[in-house]
Amino acid sequence: MPSNAEAAEIFRNIGDLLDVLGERFKPEAYRRAARSIDSLTEDLGRIAARDELDTIPGVGEAIAEKIREYLATGHLAYYDRLKKEVPPGVAEIMRLPGLGPKTARRFWVELGIEGPAELEAAIAAGRLDSVKGFGPRKIELIRDALAAARATPGRSARLPIETAYPLAERIVRALRERSARDRAEIAGSFRRRRETVGDLDILVTSDESEKVFDAFSLPEIGEVKMRGPTKETCVLTNGLQVDLRVVEPKEFGAALLYFTGSKDHNVHLRTIAKDRGLKINEYGIFRGDERLGGATEEEVYAALGLAWVPPELRENRGEVEAAAKGPLPPLVDAPDLRGDLHVHLPPSAGTAEVDRLLADARRRDLAYVGVVIAGFDAEGHPWTLGSPALRRIVALGDGNPRVLPCVETTPEGKVPLTPGGTPEYAIARAGPSEESRGSDGAKGPPVRVVAHLSGDGDAGGRAGLAIARAAKAAIEVGPGTERFDSNWARVARESGTALSVPTGLGAPPDDPLGPIALGFARRSGAGAADVVNAGSPSAREARKRRSTSSR
DNA sequence: GCCGTTTTCGGCCCGACTGTTTTCAGTCG
């Protein structure tokens, strides 16, 4: 059965080929369908079996028919025909940075250039020098793009968000420290907490853009690609592109909304605006020349008759329709997290490390901490925490926060020997998967949590979810090779499997685990009630009241 | 090719920036 990703890739390629052929609106239509298919949480085959392909946003009659043909035969006649019509190298030229469909088409039609190698030869032979619209600077840029593409073939890969996170946080912190008055925020897919980011979009309020750009000088910045009055683009030494934009405070909300996206979410908002005789751009929302708002995102949504939409949900998957009916149900948030069910200490940890962990937990107002004291490693060998830490953990027991000793078991539930007392609950590790079982510190039945999935991406998610379902366990969401990402979290939620959200307890300030795991849970649409280590807002309020009254 | 609580046809986001330009096309996000 062909995968969704393969189908999406084909439609993206069709979009590129149609672009080169000079089609006006079809390319974007195919790419939109590809984006929709990528964000599905269900196999196309199952949707097709229910005859519901046309419920996918951007998929109409023609593309639905193509999906059916592809599912049935593994081929797409239309795609094969386009590939015959357009040399594959022409689409390759189109994808070079700074070039596009128009340029690639001109090279192909006017000069007979059918690929990057031929383009390189043509430049060397001076064949571009006499072509209208190609001055020396442009030719130089094309030569650079060709050289860069040859040096690192198959690049322009998106970066895992957890890789970009520490750097992004450092950049935005540096910008905030520059001026107490100005705001700085990272927008784009980083703010939406997508699993990967293509670049960083950073917004800063200031009336002195030059000074912001000048202050924006980190050791990681490789080259400044361009700098205009309001925008600077640079490339970091690790290849990540950073767009820095300076806006006025009264425009900040509109700009944040605009640059957070997603594209499909923005297009939907614009359509609504247009229906109401309004116009949205990155400077605000307007009726004719009258400015209706733009200082905050809420103003813009409100002018459209919509409730504010959390960034993690802005993917045009029905969130706009929901926001038209009223406030969206609250997503799980950091203050909802009452404890952490899965914390590791280094094997050599002593009492000091344990106390430091608990101090961090108190700072975060956590009621309980599950610390792994024993388990199996990836080869199936048992291990235990060193005895000083172990004794400390057992001795602390019911303190504040409450310490829950926990063991990791195999997926089959095999429990390691646990010297030093009875574990409160168990995290089991067997083969590539790991399962934890615990109590959430409250009254009620023990909670089981599945974590540490195998690094196979989809296969790991599928296997982990199967174990969680069979064991009636929760499943831990988070970034990394053992990840359970937001798409899987959505599948889990839709099937009634609870999530466990790690807090990143004990980790350094820029560690991505806690914030990204929370982001993934929110992206899946989870509220506090869907998260096993979260309390309801009312319980949180009660706790807050208790703690303030006791002070 | 898709889409419609004012449309089944006629629209399709829109502004910044760059390079090559005497007024704009192409690319990007």
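Order of the sequence lines sets the chain letters (A, B, ...), proteins ahead of strands, with each chain counted from 1.
In this structure, A/R193 fails the cation-pi test against A/F520, since its NZ or CZ atom is not both closer than 6.0 Å to the six-membered ring centre and inside 45 degrees of the ring normal. Figure legend: cation-pi geometry between A/K83 and A/Y79, with NZ or CZ positioned under 6.0 Å from the six-membered ring centre and within 45° of its axis.
Distances shorter than 4.0 Å separate some side-chain N or O of A/K66 from OP1 or OP2 on B/dG1. Contact annotation: A/K225 does not reach the phosphate of B/dT18 (side-chain N/O to OP1 or OP2, under 4.0 Å).
Base pairing of B/dT8: no nucleotide in any strand meets the Watson-Crick or G-U wobble criterion (both distances under 3.5 Å).
Heavy atoms of A/N266 sit nowhere under 4.0 angstrom from any nucleic acid atom. Across all strands, A/R270 comes closer than 4.0 Å to base atoms (heavy-atom distances). Nucleic acid contact for A/T230: sugar-phosphate only, since backbone atoms but no base atoms lie under 4.0 Å from a heavy atom of the residue.
The gap from the C1' atom of B/dT5 to that of B/dG1 amounts to 24 Å, rounded to the nearest Å. B/dC12 and B/dT7: their C1' atoms are spaced 14 Å apart (whole Å). Between the P atoms of B/dT23 and B/dC13, the separation comes to 29 Å (whole Å). Nucleotides B/dT21 and B/dC17 have their C1' atoms positioned 15 Å apart, rounded to a whole Å. As rounded to the nearest Å, B/dA16 and B/dG10 have P atoms that lie 32 Å from one another. Taking atom C1' on both nucleotides, B/dT27 is separated from B/dT20 by 14 Å, rounded to a whole Å.
Between the C1' atom of B/dC13 and the CG atom of A/L278 lies a distance of 15 Å, rounded to the nearest Å. We find that CD of A/E28 is positioned 14 Å from P of B/dC14, with the value rounded to whole Å. In this structure, the NZ atom of A/K132 is 10 Å from the C1' atom of B/dT21, given to the nearest Å. Rounding to whole angstrom units, CZ of residue A/F25 and C1' of B/dG1 are separated by 11 Å. One can place CG of A/L53 at 16 Å from P of B/dG1, the figure rounded to the nearest angstrom. Going from atom CG of A/L141 over to atom P of B/dG19 covers 6 Å, rounded to whole Å. B/dT20 atom C1' lies 15 Å from atom CD of A/E140, rounded to whole Å. Atom NZ in A/K274 sits about 8 Å away from atom C1' in B/dC12, given to the nearest Å.
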If you restrict it to nitrogen or oxygen atoms, what contacts under 3.5 Å exist between nucleotides 3-10 of chain B and the protein, and what is each distance?
unit_1: B/dC3; atom_1: OP1; unit_2: A/G58; atom_2: N; d: 2.8

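Along DNA chain B, the nucleotide nearest to A/N281 and the one nearest to A/A29 differ in position, and the one closer to the 5' end is contacted by A/A29.
In this structure, A/A521 and A/V501 approach most closely via the heavy-atom pair CB-CG2, 3.8 Å.
Taking the charged nitrogens against the carboxylate oxygens, A/E52 and A/R46 have no contact shorter than 4.0 Å, which rules out a salt bridge. For A/R490 and A/D485, the salt-bridge test fails: no basic side-chain N is under 4.0 Å from an acidic carboxylate O. Using a 4.0 Å cut-off between charged nitrogen and carboxylate oxygen, A/R314 and A/E312 do not count as a salt-bridge pair. Using a cutoff of 4.0 Å between basic side-chain nitrogens and carboxylate oxygens, A/R12 and A/E9 are scored as salt-bridged. Between A/K279 and A/E290 there is no salt bridge, since no side-chain nitrogen of the basic residue lies less than 4.0 Å from a carboxylate oxygen of the acidic one.
Two rings, from A/F107 and A/F134, have their centers less than 6.0 Å apart.
Because its glycosidic torsion is within 90° of 0, B/dT7 is reported here as syn.
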Derivation and outcome, side chain to side chain donor-acceptor pair (under 3.5 Å), residues A/H265 and A/E319: CA-CA 9 Å; A/H265 180 85; A/E319 75 280 3; 2.7 Å; yes
Contact state string [nucleotides 22-29 of chain B, B base, S sugar-phosphate only, - no protein heavy atom under 4.0 Å]: ----SSSB
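Listed by first then second residue, pairs satisfying ring-ring contact (aromatic ring centres under 6.0 Å, His included) with a partner in residues 173-195 of chain A read A/Y165-A/F190, not counting sequence neighbours.
With B/dG1, B/dG11, B/dT20 as the candidates, the nucleotide lying closest to the side chain of A/A62 is B/dG1.
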